[in-house]
Each structure stands twice: as C-alpha cells, then as structure tokens.
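Right, one structure below, let's go through it.
Quick caveat, the model's predicted, so the values are computed rather than measured.
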Amino acid sequence: MTTDIKAALRALHIETPSWAYGNSGTRFKVFAQRGVPRDPYEKLADAAQVHAHTGVAPTVALHIPWDKVADYAHLAAHARELGVGIGAINSNVFQDDAYMLGSVTNPDPAVRRKALAHLLECVDIMDATGSDTLKLWFSDGTNYPGQDDIRARQDRLAEALSAVYARLGEGRRFLLEYKLFEPAFYTTDVPDWGTAYAHCLRLGPKAQVVVDTGHHAPGVNIEFIVAFLLREGKLGGFDFNSRFYADDDLMVGAADPFQLFRIMYEVVRGGGLTAGVAFMLDQCHNIEPKIPGQIRSVMNVQEATAKALLVDRDALAAAQAGGDVLGANAVLMDAYNTDVRPLLAELREETGLAPDPMAAYAKSGYFEKIAAERVGGTQAGWGA
C-alpha cells in the first residue's frame, strides 16, 4: 500500500501562480518586500526554486497583462531552461477603467468587444507558450437593484464564452471560475458552481469548472461540490487557498486543514488524481515571504493528499453499507490523524531532495542572493 501511495504522491503536480511571487496585499495596502521579482523572467526563477525543493511544482501560471512580454515563446523557453514550464494562462478583465460596469457582460457593446479581444489574445498566448489551459474569472456584476438586466447579462456572458470556446484548439480547454461576491455586491454574474457548471455544460467538453477554495460562503460543503463535478466530468481544477472570513487568499490549509483533507479525499475517491484536474495555488497576501509561502502551501497539499490516500476505502465502504455512522467517521479520522510527514520526507529523499523543503530553501542562500541582486527597477505586483 505504501508503494502505491508513494507512486501517487510522486505523480502529484501542483502549479504555482506567477503573481504570488510579486508584491501583493489587501485593497488597503500592498507592502513591498526585498528581492521581489521585477519581471516575468524573475518570477519564473523563483517558481523554479519551489519546484527544486518540493519536486512537485513543475509549472507556473501566468496572468495577462501582469506577465506580458514581447516574445512568449522566448519566455516559455526560458522556463524550460529553469526546469519548469508554463501552466494556465489567466485573463484579466477587471482592472481596466472600461470595466467599471463589467467586461463581457457590460451593457456597452464596445466594452464587450474589448474584453473578448483580450480573452482571445490569451488563447494566442496559450498557443505561443504551449499552455493547454485558459482560466477565466469575471468580476462582472451589479451593485444595485435595477442597475442592469440580470438575464441579459447571462446572455452576454454566454455569447463571450461561446466565442472563446470556438477559438480553442485541439487539446485546449478553459476553466471557468466562480466567486460569491466582490467587487460586485448585489449580483455577481458567475457567483457559484451551479452557474459555472450550467455554462460549461452547454458549451461542451473543453469547458470545465475551477473550484477556488476561498470563494464560498461560510459553511458551504466544498467537498460536495467537488464530488458532484467529478461525477459529471466537469471538475477542471482547483485554485487552492484559505479564507477565514471572505476571500482571504491565505496559504492553503492554513484556516481549515481538515477541510482540505476532506476535499482531497473526494478527489481521490472520484478518480481526480489525474492530469485532467489541475491543482493550482492562488494565494497572494502581504505578510509572508513569497517563496517560503508557496513551498508551505505545496507541502500542505501534499500532506492532505497523503492522508486522503491512507483512507481504508474497504473499511469505509463496509461501515457505510452497514449504517455504522461512528465507524465510518472513525475511518476518516484515523487517516486524518496520521502523521504523514515522515512518509513525505522519505519520499523526497528517495527522489534526491532534502527531506524538509522549508529548511533546505532557508539554507540555500537564494533569498540573500535575490535581495542583493534585485535592486532598482520596478517590483512586480498585482497592479492594484
């Protein structure tokens, strides 16, 4: 059994986001840190450090235009030289003044055309970098009753998604992200998994839902959503992070590691440990050091996955079939309460890595190097 678990953990692929290596924060303040990248090339170098110390973070998601360069093929080649690759391409239709009343759902056709042109540009960037995934998130919505026609906005959204879908090449897909609220406070045009699922279902197999673990109301059973979408073949991936109150974008597993374990159990049970379900981090906050924060999140996902793989599925099924409520719960709790850190340390050593990625990075001297070298220029940030 340990051999099978190790094989599954070796195959784990956790994508880190380029924007997590830049300065970020809250809507009130972005705090600058030493050694922060000044361009996408330096972001890739930092991401390569996460992969070098964890062994399971081989791709980096880009965000356009935050990561805009003149030659995307050159950027992809540079990534390969560093030992990583380009992952999902993330669009940005929420930071232009024209999008104050929405992007693809805006009542102004000219604004909608502008937003769609950007989405199609992102597909071109996919082609140039070799990415197979486009990630779409829309801040579109309204703040006041009567501000716009709710149904008409869904029609406009469907029209834009259809145009993007038609442009996707073979082996390409888009993931539609949903968010409960913010920055729209009365209606959000893609507020929940059901809305995202309905649009993706209508379009076809190249459209799937991405679950951001921070984008739910308190008490929402995220693992149910995961189980349902897996059953329907519509779970395209995760944006892993944590929240305490709303959309806090904290390190995954920081707020509720038991929830992360429950989610990962449904992934394992539903056959979601495949390349078809993207495990992406989406955290960017303002107090933790950038690279160690990503390493810690990767480790947290690894630990939750290892515990999920330890669940005795046969014992659980027997308890469930027999109506043994406490027995079934105990099977899950036994796996969750297992200390999997020695197993993961052993696995890393078997693959030639240091057993403790956090300690190995701290000893590497990389931070001291970039803090000394990256002086001057404009630090990367999320454009707030």
Side-chain angles (χ1 to χ4, degrees), residues 1-12 14 56 178 180 192-194 197 209-235 237-248 250-274 276-277 279 281 296-347:
M1 181 178 180
T2 302
T3 302
D4 293 340
I5 291 173
K6 283 184 176 181
L9 291 171
R10 285 193 189 96
L12 198 60
I14 302 167
V56 294
Y178 57 91
L180 177 66
D192 51 40
W193 69 273
Y197 172 71
V209 181
V210 63
V211 174
D212 185 305
T213 51
H215 287 183
H216 301 85
V220 168
N221 190 313
I222 300 174
E223 54 268 35
F224 170 83
I225 299 169
V226 170
F228 185 94
L229 291 174
L230 271 171
R231 181 176 182 271
E232 298 299 313
K234 281 296 184 183
L235 179 65
F238 290 93
D239 273 356
F240 280 125
N241 55 53
S242 288
R243 67 156 184 81
F244 285 102
Y245 295 102
D247 176 23
D248 302 337
L250 298 172
M251 292 185 298
V252 59
D256 189 350
F258 185 47
Q259 180 190 65
L260 181 59
F261 160 75
R262 299 192 312 263
I263 291 170
M264 291 312 304
Y265 172 70
E266 292 303 331
V267 171
V268 171
R269 185 256 178 269
L273 283 185
T274 69
V277 178
F279 288 2
L281 302 183
R296 174 57 65 191
S297 275
V298 169
M299 294 173 67
N300 288 348
V301 175
Q302 284 181 299
E303 290 179 16
T305 305
K307 292 180 178 185
L309 289 164
L310 283 173
V311 172
D312 188 334
R313 301 268 296 276
D314 292 337
L316 181 60
Q320 291 171 340
D324 185 356
V325 176
L326 295 180
N329 178 250
V331 173
L332 284 181
M333 296 309 299
D334 285 345
Y336 175 69
N337 289 321
T338 300
D339 185 357
V340 296
R341 291 174 298 177
L343 171 67
L344 288 167
E346 181 181 296
L347 177 65

Subject >> Set of residues satisfying side-chain hydrogen bond (donor to acceptor under 3.5 Å, both in side chains) with respect to S297, sequence neighbours excluded >> reply: Q283
Subject >> Spacing of I14 atom CD1 and T305 atom OG1 [to the nearest 0.5 Å] >> reply: 6.5 Å
**OP:** To the nearest 0.5 Å, tell me how far L347 CG sits from T2 OG1.
**Re:** 11.0 Å
Original post:
Can you tell me how far the CG atom of N337 sits from the CG atom of L332, to the nearest 0.5 Å?
Top reply: 10.5 Å
Original post:
With R341, which residues qualify under salt bridge (charged side-chain N to carboxylate O under 4.0 Å, His left out), at least two apart?
Top reply: D339
Subject >> Partner set under salt bridge (charged side-chain N to carboxylate O under 4.0 Å, His left out) for E346, not counting sequence neighbours >> reply: K6
Subject >> Within residues 315-335 or reaching into it, pairs that qualify as salt bridge (Lys or Arg N to Asp or Glu O under 4.0 Å) - sequence neighbours excluded >> reply: none
Subject >> With N329 via side chain to side chain contact (heavy atoms under 4.5 Å, CB included) - residues at least two apart >> reply: M333
Subject >> Contact summary for L9 and Q302, nearest pair of heavy atoms >> reply: CD2-O, 4.0 Å
Original post:
Which residues pass the side chain to side chain contact (heavy atoms under 4.5 Å, CB included) test with L230, sequence neighbours left out?
Top reply: V226, L235, V277
**OP:** Please list, chain by chain and in numerical order, all residues satisfying side chain to side chain contact (heavy atoms under 4.5 Å, CB included) with A321, sequence neighbours excluded.
**Re:** none
Side-chain donor-acceptor pairs under 3.5 Å in residues 251-273, sequence neighbours left out?
from: D256; atom 1: OD1; to: F258; atom 2: N; distance (Å): 3.3
from: D256; atom 1: OD1; to: Q259; atom 2: N; distance (Å): 3.0
from: R262; atom 1: NE; to: E223; atom 2: OE2; distance (Å): 2.5

**OP:** Given side-chain contact (heavy atoms from CB on, under 4.5 Å), test V301 with V56 step by step and report yes or no.
**Re:** CA-CA 10 Å; V301 175; V56 294; over 6 Å; no
Subject >> Residues in ring-ring contact (aromatic ring centres under 6.0 Å, His included) contact with F228, at least two apart in sequence or another chain >> reply: W193, Y197
Original post:
Hey, is CZ on R10 packed in by over 12 heavy atoms from elsewhere, all under 6.0 Å?
Top reply: yes
Subject >> Side chain T338, main chain V340, donor-acceptor under 3.5 Å >> reply: no
**OP:** Kindly compute the distance separating CZ (F238) from OG1 (T213), expressed to the nearest 0.5 Å.
**Re:** 8.5 Å
Original post:
Taking only residues two or more places apart in sequence or in another chain, which ones pass salt bridge (charged side-chain N to carboxylate O under 4.0 Å, His left out) with D247?
Top reply: K179
**OP:** Could you pull out all residues at least two apart from D212 that satisfy side chain to side chain contact (heavy atoms under 4.5 Å, CB included)?
**Re:** E177, H215, D239, N241, D282
**OP:** Output all residues satisfying side-chain hydrogen bond (donor to acceptor under 3.5 Å, both in side chains) with D192, sequence neighbours left out; order by chain, then residue number.
**Re:** T195
Subject >> Closest non-hydrogen atom pair between L316 and A328, with its separation >> reply: CD1-O, 3.4 Å
